[in-house]
Amino acid sequence: MMIDWAHFTPVSALVGGLIIGLAAVLLILINGRIAGISGILGGLLTPSRGESAWRAAFLLGMIAAPLLWLALAALPAIQIEASTPLLIVAGLLVGFGTRLGSGCTSGHGVCGLSRLSPRSLVATVLFMGAGFATVFVVRHVLGGV
Amino acid sequence: MRTLLFAFVSGLIFGLGLLVSGMANPAKVLGFLDLAGAWDPSLALVMVGAILVGLFGFTVARRRRTSLLGHPMRLPDSTVIDRRLVIGGLLFGVGWGLAGFCPGPAMVALGAGKAKALIFVVAMVGGMVLFQVFQSLEQRQHRTVGS
């Protein structure tokens, strides 16, 4: 393994993580709800009484974050290298998979691991493992798509 | 009203955290997932930071019946590790590795006006709709078998 020291950003990563954790803790302590993005988005597709408005408000907040940032400073890089067909396949897999597995990086990864949930630990190990394996195949077996 | 305001603020802070951390950048996410290449371990520290705060907050949350606004605490109660969890996690991981996007960062990139993020989000919602269809077919089958 070779560490990419040029791109390693330990301070901003750790600080960003603390901010993400703070957001998740605020939502559970104030609203009593889990900050799982796939669950919040997917929940809007099967509306249940009293659960749609807060979900929409949370997602609007996420979408507004880069706009607030832009009002104060230049946005950090967001580089999307995948082609359109690849983005479509990836989106379908992420949408279907997160609903089938009841969570994503935020619900299982952040909230679930913080709750010490064995179920979330299994999910996190599996999606991280599948992510590592997929990038290995794409970059080092197929040589990039 | 306060419920909506705090949900919005929580989403806003979450999005800012994703931007600060670098997770909103698919190129950086793929750099983390590329163990065999030039590996950027940053995102492991994002998880460490988030979980450090989360451990404290969820310990407090677990001891409470209601939230500060008086809502019931909706902490997940499922503990089953079944085929759905395993297959769902694996499918999600493959999709994550293909584009470098998971749901949260995709929403933030959408807000940043990235056309490719819109394509991803539309496909992701499509995947969620497909899941609903799959689930209702499955339930119908169960009912048929049951009767």
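Basis for what follows: all heavy atoms, side chains included, without hydrogens, waters or symmetry-related copies.
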S.K.: If I measure from the heavy atoms of chain B, does A:F136 come under 4.5 Å with its side chain, its backbone, both, or neither?
M.R.: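 Contact with chain B: side chain only.
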S.K.: Side-chain heavy atoms nearer than 4.5 Å, only ILVMFWY residues, links allowed to pass through others: does that put A:F127 and B:L90 together?
M.R.: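 In one cluster: no.
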S.K.: Between B:F8 and A:L60, is there a side-chain heavy-atom distance shorter than 4.5 Å?
M.R.: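 Of all side-chain heavy-atom pairs linking B:F8 with A:L60, at least one is under 4.5 Å.
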S.K.: With chain A as the partner, which of B:C102, B:P41, B:G15, B:A44 has the greatest number of non-hydrogen pairs under 4.5 Å?
M.R.: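 Max contact count across the listed options: B:P41.
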S.K.: Salt bridge (Lys or Arg N to Asp or Glu O under 4.0 Å): which pairs involve residues 13-37 of chain A, sequence neighbours left out?
M.R.: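 Non-adjacent pairs meeting salt bridge (Lys or Arg N to Asp or Glu O under 4.0 Å): A:R33-A:E51.
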S.K.: Relative to chain A, which segment of B:T3 carries a heavy atom at a distance below 4.5 Å: side chain, backbone, both, or neither?
M.R.: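 For B:T3, the contact with chain A is made by backbone and side chain together.
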S.K.: Which bit of B:M47 comes within less than 4.5 Å of chain A, counting heavy atoms only: side chain, backbone, both or neither?
M.R.: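 Answer is side chain: those atoms of B:M47 sit under 4.5 Å from chain A.
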S.K.: Same cluster for A:V11 and A:W69 if Ile/Leu/Val/Met/Phe/Trp/Tyr side chains link at under 4.5 Å?
M.R.: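 They do share one cluster, since a chain of ILVMFWY contacts under 4.5 Å joins A:V11 to A:W69.
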S.K.: State, with a plain yes or no, whether a side-chain heavy atom of B:L75 is found less than 4.5 Å away from one of A:I28.
M.R.: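 Yes, their side chains come closer than 4.5 Å.
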S.K.: Select, from A:T46, A:L70, A:V125, the one with the greatest count of heavy-atom pairs under 4.5 Å involving chain B.
M.R.: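 Of the candidates given, the most pairs with chain B belong to A:T46.
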S.K.: Take B:S21 and A:I20 through the side chain to side chain contact (heavy atoms under 4.5 Å, CB included) test and state the conclusion after the steps.
M.R.: CA-CA 9 Å; B:S21 68; A:I20 291 168; 4.1 Å; yes
S.K.: Can you measure from CZ (B:F101) to OG1 (A:T105) and round to the nearest 0.5 angstrom?
M.R.: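 Here the rounded value is 12.0 Å.
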S.K.: Within this structure, what is the CG-CG distance for the pair B:L85 and A:L126, rounded to the nearest 0.5 Å?
M.R.: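 It is 7.0 Å, given to the nearest 0.5 Å.
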S.K.: Give, as side chain, backbone, both or neither, the part of B:S78 having an atom under 4.5 angstrom from any heavy atom of chain A.
M.R.: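 For B:S78, heavy atoms of backbone and side chain both lie under 4.5 Å from chain A.
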S.K.: Provide the closest heavy-atom pair for A:L100 versus B:F131 in the form atom of the first, atom of the second, distance.
M.R.: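 In this case the closest contact between A:L100 and B:F131 is CA-CE1, 3.6 Å.
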S.K.: Side chain from CB out, backbone as N, CA, C, O: work out which of these in B:V129 comes under 4.5 Å of a heavy atom of chain A, or both, or neither.
M.R.: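 Answer is both: backbone and side chain atoms of B:V129 are under 4.5 Å from chain A.
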S.K.: Using every non-hydrogen atom in the two residues, find where B:L33 and A:F132 come nearest and quote the distance to one decimal.
M.R.: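 Here B:L33 and A:F132 meet closest at O-CD2, 3.2 Å.
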S.K.: Ignoring hydrogens, what is the shortest heavy-atom contact between A:A82 and B:L98? Give both atom names and the distance.
M.R.: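 The answer is CB-O, 4.3 Å.
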S.K.: Could you check which of A:I3, A:I30, A:L59 has the highest count of heavy-atom pairs closer than 4.5 Å to chain B?
M.R.: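 Option with the top pair count is A:I30.
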S.K.: Which answer fits A:L75, side chain, backbone, both or neither, if we ask what part of it has an atom under 4.5 Å from a heavy atom of chain B?
M.R.: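 Just its side chain gets close to chain B.
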S.K.: Can you tell which part of B:R62 gets under 4.5 Å to a heavy atom of chain A, answering side chain, backbone, both or neither?
M.R.: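 Looking at B:R62, just its side chain touches chain A.
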S.K.: Look at A:P118, A:C111, A:A133, A:G112 and state which one has the largest set of heavy-atom pairs under 4.5 Å with chain B.
M.R.: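 Most heavy-atom pairs under 4.5 Å with chain B: A:C111.
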S.K.: Is there a side-chain contact between A:W54 and B:L5 (heavy atoms, below 4.5 Å)?
M.R.: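 No. Closest side-chain heavy atoms not under 4.5 Å.
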S.K.: Grouping I, L, V, M, F, W and Y whenever their side-chain heavy atoms are under 4.5 Å apart, do A:W5 and B:L45 come out in a common cluster?
M.R.: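 Hydrophobic grouping puts A:W5 with B:L45.
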S.K.: Look at A:L26, A:L41, A:T84 and state which one has the largest set of heavy-atom pairs under 4.5 Å with chain B.
M.R.: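 Top option by heavy-atom pairs under 4.5 Å: A:L41.
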S.K.: Between A:F96 and B:F134, is a ring-ring contact (aromatic ring centres under 6.0 Å, His included) present by the stated rule, with each step listed?
M.R.: CA-CA 9 Å; A:F96 192 93; B:F134 161 82; 5.5 Å; yes
S.K.: Quick check: is A:M128 connected to A:V122 through a chain of hydrophobic side chains (ILVMFWY, heavy atoms under 4.5 Å apart)?
M.R.: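 Different hydrophobic clusters.
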S.K.: Compare every heavy atom of A:L113 with every heavy atom of B:L55, then report the nearest pair and how far apart it is.
M.R.: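 Minimum heavy-atom contact is CD2-O, 4.5 Å.
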S.K.: Looking at B:L110, B:L52, B:L18, B:V9, which has the largest count of heavy-atom pairs under 4.5 Å with chain A?
M.R.: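 Ranked by contacts with chain A, first place is B:L18.
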S.K.: With a 4.5 angstrom heavy-atom cut-off, is it the side chain or the backbone of A:L116 that approaches chain B, or both, or neither?
M.R.: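 The answer is the side chain of A:L116.
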S.K.: Taking all non-hydrogen atoms of both residues into account, name the closest pair between A:I78 and B:A109 and its distance.
M.R.: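 Looks like CG2-CB, 4.0 Å.
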S.K.: Can you tell which part of B:V86 gets under 4.5 Å to a heavy atom of chain A, answering side chain, backbone, both or neither?
M.R.: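 Both backbone and side chain.
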S.K.: Given the options B:A27, B:P105, B:G31, which has more heavy-atom pairs under 4.5 Å with chain A than any of the others?
M.R.: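 Ranked by contacts with chain A, first place is B:A27.
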S.K.: Report which part of B:K114 has an atom under 4.5 Å of a heavy atom belonging to chain A: side chain, backbone, both, or neither.
M.R.: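 For B:K114, the side chain is the part near chain A, not the backbone.
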S.K.: Does A:Q79 reach the side chain of B:K28, with side-chain heavy atoms less than 4.5 Å apart?
M.R.: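 Side-chain contact under 4.5 Å: no.
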S.K.: Which atoms of A:P10 come close to chain B, meaning under 4.5 Å heavy atom to heavy atom: side chain ones, backbone ones, both, or neither?
M.R.: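 When you check distances to chain B, atoms from both the backbone and side chain of A:P10 fall under 4.5 Å.
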S.K.: Are any of the side-chain heavy atoms of A:S117 and B:T79 separated by less than 4.5 Å?
M.R.: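 A:S117 vs B:T79: side chains apart.
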S.K.: Heavy-atom distance under 4.5 Å between the side chains of A:P66 and B:L19, does that happen here?
M.R.: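 They are in contact (side-chain heavy atoms under 4.5 Å apart), so the answer is yes.
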S.K.: For the candidates A:G42, A:G97, A:A53, which exhibits the highest count of non-hydrogen atom pairs separated by less than 4.5 Å from chain B?
M.R.: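 Highest number of heavy-atom pairs under 4.5 Å: A:G97.
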S.K.: Could you look at B:F32 and say if it's the side chain, the backbone, both or neither that has a heavy atom under 4.5 Å from chain A?
M.R.: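 When you check distances to chain A, atoms from both the backbone and side chain of B:F32 fall under 4.5 Å.
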S.K.: Please identify, among B:G126, B:G104, B:P76, the residue contributing the most non-hydrogen atom pairs under 4.5 Å to chain A.
M.R.: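 That would be B:P76.
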S.K.: Going by heavy atoms in the side chains, are B:R74 and A:I34 under 4.5 Å from each other?
M.R.: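 Contact flag for B:R74/A:I34 side chains = no.
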S.K.: Working to the nearest 0.5 Å, report the span between CZ of A:R119 and CG of B:D77.
M.R.: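 It comes to 9.5 Å.
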S.K.: For each of A:G61, A:A77, A:G103, tally heavy-atom pairs with chain B at distances under 4.5 Å, and name the one with the top tally.
M.R.: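 Maximum pair count with chain B is reached by A:G61.
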S.K.: Say you draw a straight line from NE2 of A:H108 to CZ of B:F92; how long is it, rounded to the nearest 0.5 Å?
M.R.: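 Interatomic distance, A:H108 NE2 to B:F92 CZ, rounded to 0.5 Å: 9.5 Å.
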S.K.: Not counting sequence neighbours, which residues clear side chain to side chain donor-acceptor pair (under 3.5 Å) with B:E138? List them please.
M.R.: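 Result, side chain to side chain donor-acceptor pair (under 3.5 Å) vs B:E138: B:R84.
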S.K.: Of all the heavy-atom pairs spanning B:M128 and A:L45, show the shortest one and how long it is.
M.R.: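 Between these two residues, the closest heavy atoms are CB-CD1, 3.4 Å.
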S.K.: If we define contacts as heavy-atom pairs under 4.5 Å, which of B:G100, B:A24, B:A106, B:G37 has the most with chain A?
M.R.: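 That would be B:G37.
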S.K.: Is chain B contacted by the side chain of A:T98, its backbone, both, or neither, given a heavy-atom distance below 4.5 Å?
M.R.: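 A:T98 touches chain B through backbone and side-chain heavy atoms alike.
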S.K.: In Å and rounded to the nearest 0.5 Å, what is the CZ to CD1 distance from B:F14 to A:I19?
M.R.: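 Here the interatomic distance stands at 11.5 Å.
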S.K.: I need the residue from B:P72, B:A99, B:G70, B:G111 with the largest number of non-hydrogen atom pairs under 4.5 Å to chain A.
M.R.: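 The candidate making the most pairs under 4.5 Å is B:G111.
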S.K.: Could you look at B:V80 and say if it's the side chain, the backbone, both or neither that has a heavy atom under 4.5 Å from chain A?
M.R.: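 Both backbone and side chain of B:V80 come within 4.5 Å of chain A.
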S.K.: Working to the nearest 0.5 angstrom, can you tell me the gap between A:R139 CZ and B:L30 CG?
M.R.: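 It is 5.0 Å, given to the nearest 0.5 Å.
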S.K.: Show, in sequence, the C-alpha distance, side-chain angles and deciding distance for A:I88 and B:M124, and conclude whether the side chain to side chain contact (heavy atoms under 4.5 Å, CB included) test is met.
M.R.: CA-CA 8 Å; A:I88 294 172; B:M124 177 169 72; over 6 Å; no
S.K.: Count the heavy atoms belonging to other residues, nucleotides or ligands that lie under 6.0 Å from NE2 of B:H71, then report whether that count exceeds 12.
M.R.: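 Counting other residues, nucleotides and ligands, NE2 of B:H71 exceeds 12 neighbours.
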S.K.: In terms of hydrophobic clusters joined by side-chain contacts under 4.5 Å, are B:L118 and B:M107 together?
M.R.: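 Yes, it is one cluster - the side chains of B:L118 and B:M107 are joined through contacts under 4.5 Å.
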S.K.: Should B:T59 and A:R115 count as side-chain neighbours, where that means a heavy-atom distance under 4.5 Å?
M.R.: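 Heavy-atom side-chain distance check fails, nothing below 4.5 Å.
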